[in-house]
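This report concerns only the one structure given below.
Lettering of chains follows the sequences in order, A, B, ..., and the numbering in each one begins at 1.
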Amino acid sequence: MANDPIQQFQINKIFSLGEVGGVEFAMTNSAIFMIATIVVISGFLIMSTSGRGLVPSRWQSTAELIYELVASTLRNTAGTEGMKFFPLVFSLFTFVLTANLIGMFPYFFTVTSHIIVTLALALLVITTVILYGFMRNGMGFLKLFVPSGVPGAILPFIVIIEILSFLSRPISLSLRLFGNMLAGHIVLKVFAGFVVSLTAAGAAGWLGAIFPFAMTIALTALEFLVACLQAYVFTILTCVYLNDAIHPSH
Amino acid sequence: MSETNKEQDKTKELDSRLEDLDAKLAHMNQKSEQTNKAQHGTGANASGLAMAWRLGSEFIAGVFVGGAIGWLLDTWFGLAPWGMIIFTLLGFVAGMLNMLRSAGKIAPPGQ
């Protein structure tokens, strides 16, 4: 079914890599596009930074632009101390951005439209926050859950609510990216499907197909925007959470 | 006589201080309003959509996590249905808190 809007998210096995403990490890289209994402990022960065000109070439200034964007975001939200997490944040940003943009090619697979991928990324962030928070602040990290100036009678409730609010962070972080990519691609496919079904209905159909076609073009532009925006939102929230690990109470 | 005069002076002084404070407050409110407007004005469509997604996912995540923890407590300790009822409600509250926080209406955690 070429018109099925969900079919594009199907995970297909390309070849098997063998079994580990009764669970099959297979090379899927998702894995291949993840590798492609990493190859594209590495290739781009290696190529653009190989010149190292004092006066940057076009490629080099693009790479510098991305570096500056991530570095200034991190510095503004988590302070200069947060810069030790720069490799993590930069990798996350480039991975999400490139995966989103690769997904914009027709017939390509969108890695970030699967919640397992986005959840893994979000859990990586939150695990880093928890581990580093305890490593740096010891038990002082728990102050994050105890707001100051709260009367003792309602403090237990507030603490439980704060803990729930903290635990919901990886969920909301992953849900947002996944939801945006999934919904965007489905809507795009549905409108593109209208064009196909209408053109099958003869001359009047061809005329009517102009409207969904215009909509598809507009949505494609919107999807490019969403792809970049969501990568940025993911990054900025990562920085905000890392800031909590560095300064649990400021 | 002199006593009442002194008191009048005091009230006058207080009044003038109050007026000063009012003027200062009005000025500050205006300033923050202006910055708020400036922030909301930029790319209203795209950032509005992003904001909607952000707030929605924050809220859903809160309720979801609350419900999941309640369900786990139920199955572990046989508290059914109380764990799920109470923790879904608490998750609702946490979702609201997250939402208001990401909208910038409440101070961030640890403050």
ask   = Is chain B contacted by the side chain of A:Leu164, its backbone, both, or neither, given a heavy-atom distance below 4.5 Å?
value = both
inquiry  = Please classify the contact between A:Leu173 and chain B as side chain, backbone, both or neither, with a heavy-atom cut-off of under 4.5 Å.
reply    =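 Looking at A:Leu173, nothing touches chain B.
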query = Taking only residues two or more places apart in sequence or in another chain, which ones pass side-chain contact (heavy atoms from CB on, under 4.5 Å) with A:Ser174?
reply = A:Thr118, A:Leu119, A:Ala122
Pairing residues for A:Tyr132 by the side-chain contact (heavy atoms from CB on, under 4.5 Å) criterion, not counting sequence neighbours =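 side-chain contact (heavy atoms from CB on, under 4.5 Å) list for A:Tyr132, sorted by chain: A:Lys84, A:Phe85, A:Met135, A:Arg136, A:Ala245, A:Ile246.
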Residues 84-92 of chain B, side-chain donor-acceptor partners within the protein, below 3.5 Å, at least two apart:
unit_1, atom_1, unit_2, atom_2, d
B:Thr88, OG1, B:Met84, O, 2.5

message = Looking at every non-hydrogen atom in both residues, tell me the closest pair between A:Ala183 and B:Trp53 and how far apart they are.
response = CB-CZ2, 4.1 Å
Residue pair A:Ser168 / B:Val65: nearest heavy atoms and the distance that separates them =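 That closest heavy-atom pairing would be CA-CG2, 3.5 Å.
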Taking atom [atom1] of [X] as the centre, report whether more than 12 heavy atoms of other residues, nucleotides or ligands fall under 6.0 Å from it.
X	atom1	result
A:Phe213	CZ	no
A:Ile116	CD1	no
A:Phe134	CZ	yes

request  = Count the heavy-atom pairs under 4.5 Å between each of A:Ile161, A:Leu175, A:Asn180, A:Val226 and chain B, then report the option with the highest count.
outcome  = A:Asn180
Residues of residues 93-100 of chain B near chain A, each having a heavy atom less than 4.5 Å away =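 Contacts with chain A: B:Val93, B:Ala94, B:Leu97, B:Asn98.
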